[in-house]
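Step one of this worksheet: look at the structure below.
Here, residue 1 is the first one in the sequence, and each next residue gets the next number. Predicted, not measured: the structure shown is a model, and the values here were computed from it.
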Amino acid sequence: MGFEEVRSSGVERWAGIRSLIRRKQVDSDRPRAGGGHHQLAKHLSVPQLVAIGVGSTIGAGVYVLIGTVAREHAGPALTISFLIAGIAAALSAFCYAELASRCPSAGSAYHYSYICVGEGVAWLIGWALILEYTIGGSAVARGITPNLALFFGGPDGLPAFLARVHIPGLDVIVDPCAAVLCLIVTALLCLGIKESSFVQGIVTTANAFVMVFVIIAGGYIGFQTGWVGYAVSSGYFPYGVNGVLAGSATVFFAYIGFDSVASTAEEVKNPQRDLPMGIGMALSICCLLYMMVSAVVVGLVPYFAMDPDTPISTAFSRNGMQWAVYIVTSGAVLALCSTLLGSLLPQPRILMAMARDGLLPSFFSDVNRRTQVPVKSTILTGIMAAVLAFFMDVSQLAGMVSVGTLLAFTIVAISILILRYVPPDEVPLPSSLQESIDSVSFYYNSQEEDGKCSKYDKVDDAEASSMSPLVIKELNHEKLNEQTRRKRAAWSIASVCIGVLILTTSASFAFLPAYPRYFACVIGGLFLLSGLVVLSLIDQDDARHNFGHTGGFICPFVPLLPICCILINSYLLVNLGSGTWARVSIWLLIGVFVYLFYGRRHSSLRDVIYVSTAHADAVYKTSSAYVA
């Protein structure tokens with residue numbers, strides 16, 4: 001009896017570990033295991049995707065960030081900092097573009113990591129993104145109130161029902177305006193993706209016109225005054241190259257938001273063409289606007305004299321254009337409204353994707369038949385954001401927003417490496433196909449015993465019977481070589497991840513003694529370089545050509561580009577601060593318990609049977625449900 005109990009507990013423990021690494025089927029025309037759900041409306045094309053990407057990315061931060069980074073880090077070279085940060089963001093954009101076109105379903109990074117990495121990592125990514133979008137939306141909503149109050153003569157000028165009120169007993173400042181804005185945006189999102197993307201396009205276009213005004217009017221003033229900001233005695237690089245790099249690390253977060261485009265993949269008319277174009281064009285427009293605005297503003301006022309809170313408005317005021325303050329403030333309000341739309345749009349789709357996979361209750365996966373959007377998830381998301389915006393000053397939690405995004409960027413780059421070198425070679429099929437699976441398995445086992453089964457299992461009986469022993473031997477040799485290649489690739493990807501983790505942590509922990517840090521950096525660098533070299537020398541997997549939907553964008557410079565992406569995002573993650581990580585860890589720990597007690601037990605993959613991709617077609621064809 002004791003032996004049976006030990007054996008049973010061991011089996012359960014192994015089943016629990018397997019649940020963390022089980023992967024779902026890549027997007028295809030076949031029905032998925034546990035599938036069956038209403039589809040979202042396909043209304044989006046390139047212009048709408050660009051509007052969503054630009055609107056989600058360009059927030060009010062650019063109206064404040066320019067002054068802070070120029071004063072403390074980059075000086076007149078702020079434009080170079082924006083360029084470097086834009087290039088770093090483009091690395092992640094390339095990875096997103098390929099995965100979005102290959103796997104055009106809702107869920108973004110959660111969806112990609114579930115296909116390429118496993119259920120456990122996918123759950124943590126999805127759980128972190130839920131936190132990101134909820135806090136991000138609430139923080140943006142509370143940021144609109146003080147900017148909106150400027151049109152009413154100041155904080156006390158807002159109507160009483162919208163003004164902030166301090167509750168003495170609770171020491172809380174409630175913000176009715178922020179809550180109302182969250183509810184208005186939620187109602188707009190419930191109308192449908194076509195209607196909400198139309199409004200997003202109008203607001204984003206208006207914000208872009210404000211930034212163009214800043215560029216043109218500021219350029220005119222600059223030529224009139226002689227660009228005094230570039231005539232400072234300290235030169236173009238007052239803080240040196242290190243200052244420019246530090247500035248680029250800060251302004252990198254101004255590019256966060258283009259990943260919202262990937263979350264709408266299921267609603268795009270032609271995802272293989274439009275998603276890569278939408279992501280690329282949105283990021284390019286943001287980078288161009290950032291660079292041009294920063295180049296103009298740092299030229300109007302010396303960097304050390306810039307106002308850290310309102311740099312653009314102050315720059316115009318000092319040159320006799322006080323009226324421009326209202327235009328700049330309008331731009332800040334429009335940018336915040338657009339970002340609020342972009343923050344509340346992706347979360348219901350991530351919740352819906354997780355519920356489709358059984359990791360959350362089916363309540364979240366309901367799609368309204370008329371509007372073809374997940375209305376229940378959208379309403380719940382909006383209410384949560386409104387409550388947070390009403391009661392809490394979430395500015396202190398704003399750093400937690402970056403964790404979800406950077407984790408997503410990192411795991412998407414790792415997914416590219418997995419897709420190219422060790423793509424999943426098994427497909428989860430529903431247990432209802434058990435009879436067909438047994439039949440196909442028996443057939444191929446008998447073929448292998450006769451020595452007639454090739455590496456690709458594509459030869460029929462006539463071809464197999466006509467093969468010479470030398471050909472069969474060569475095919476078996478190729479199969480062994482392929483297995484060896486996959487093992488080397490898997491270990492190399494693991495080596496890269498371990499090396500990046502050691503290198504970034506040892507380089508960032510300045511409190512450690514110097515020599516141990518240097519030694520750890522060397523060890524991490526060796527792991528990283530060895531993995532990169534091996535991946536560069538071995539061939540990529542042939543199955544990548546048929547992985548998911550083909551004919552879309554292909555990420556260039558693999559493995560170098562995704563490895564650089566992993567390194568940059570991991571370094572930024574490590575440097576977010578201990579306080580941010582402590583708060584995020586609490587949220588992730590809650591997520592672990594939710595997964596253990598609900599998600600793992602209700603996953604759509606809990607009863608599936610994994611079959612080789614080479615045999616999947618044969619299983620479907622032999623099943624009684626197959627229709628030619």
Side-chain angles (χ1 to χ4, degrees), residues 11-28 30-37 99 102-103 105-132 262-263 265-266 347 349-365 377 403-404 407-419 422-431 490 493-494 497 547-548 584 587-613 616:
V11 170
E12 290 178 0
R13 191 180 299 111
W14 172 242
I17 295 173
R18 282 186 61 86
S19 69
L20 297 176
I21 59 175
R22 58 192 176 195
R23 297 184 285 192
K24 68 178 181 180
Q25 182 180 339
V26 66
D27 298 350
S28 69
R30 284 201 207 103
R32 294 188 196 174
H37 47 70
L99 287 171
R102 284 184 183 270
C103 314
S105 290
S108 186
Y110 158 78
H111 181 60
Y112 313 145
S113 57
Y114 204 165
I115 291 171
C116 296
V117 185
E119 187 174 282
V121 172
W123 168 264
L124 288 179
I125 294 296
W127 193 252
L129 289 175
I130 290 173
L131 177 71
E132 172 198 339
S263 68
E266 196 171 311
Q347 183 173 338
R349 284 146 182 82
I350 292 175
L351 291 171
M352 180 190 68
M354 297 175 75
R356 282 177 176 177
D357 296 327
L359 304 184
L360 289 176
S362 59
F363 168 87
F364 295 102
S365 63
S377 296
V403 173
L407 281 175
F409 285 4
T410 303
I411 209 66
V412 164
I414 294 174
S415 297
I416 286 290
L417 293 177
I418 294 173
L419 184 156
V422 282
D425 55 358
E426 292 182 329
V427 177
L429 299 183
S431 55
I493 294 172
C497 296
F547 189 85
V584 170
W587 174 254
L588 293 179
L589 186 62
I590 295 172
V592 168
F593 284 108
V594 174
Y595 173 74
L596 291 177
F597 291 103
Y598 185 88
R600 185 171 66 89
R601 300 173 184 272
H602 295 81
S603 171
S604 60
L605 300 182
R606 67 188 183 279
D607 294 324
V608 300
I609 303 168
Y610 283 89
V611 176
S612 170
T613 52

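Here CE of M354 is found 9.5 Å from CZ of F364. Values are rounded to the nearest 0.5 Å. Considering CG of L407 and CD of E132, their distance stands at 9.5 Å, rounded to 0.5 Å. For the atom pair S113 OG and R23 CZ, the distance stands at 11.5 Å (nearest 0.5 Å). Remark: H111 NE2 to C116 SG distance equals 9.0 Å, nearest 0.5 Å. L20 CG to E119 CD: the interatomic distance, rounded to the nearest 0.5 Å, is 7.5 Å. For the atom pair L360 CG and S365 OG, the distance stands at 9.5 Å (nearest 0.5 Å).
In plain terms, the two heavy atoms of C103 and Y112 that are nearest each other are O-CE2, 3.7 Å. Residue A490 comes nearest to V422 through the heavy atom pair N-CG1, 4.1 Å, listed as atom of the first residue, atom of the second, then distance. For the pair P428 and V608, the tightest heavy-atom approach, listed with the atom from each and the gap, is CB-CG2, 3.8 Å. Among all heavy-atom pairs drawn from Y598 and L359, the shortest one is CD2-O, 3.5 Å. Looking at every heavy atom in both residues, S362 comes nearest to A355 through CA-CB, 4.5 Å. Across every non-hydrogen atom of S415 and L99, the tightest pair is CB-CD1, 3.9 Å.
Panel note: side chain W123, backbone R600; no donor-acceptor pair is recorded below 3.5 Å. Judged by distance alone, with hydrogens and angles left aside, the side-chain atoms of S604 form no donor-acceptor pair with the main-chain N or O of G358 at under 3.5 Å. A donor-acceptor pair is defined here as one N or O able to donate and one able to accept, closer than 3.5 Å; no such pair exists between the side chain of W127 and the backbone of L589. The main-chain N or O of G599 is never found under 3.5 Å from a side-chain atom of S603 such that the two would form a donor-acceptor pair.
Contact of the W587 side chain with the I130 side chain is registered, since non-hydrogen atoms from C-beta on lie closer than 4.5 Å. The side-chain heavy atoms of L605 and Y114, taken from C-beta on, include a pair separated by under 4.5 Å.
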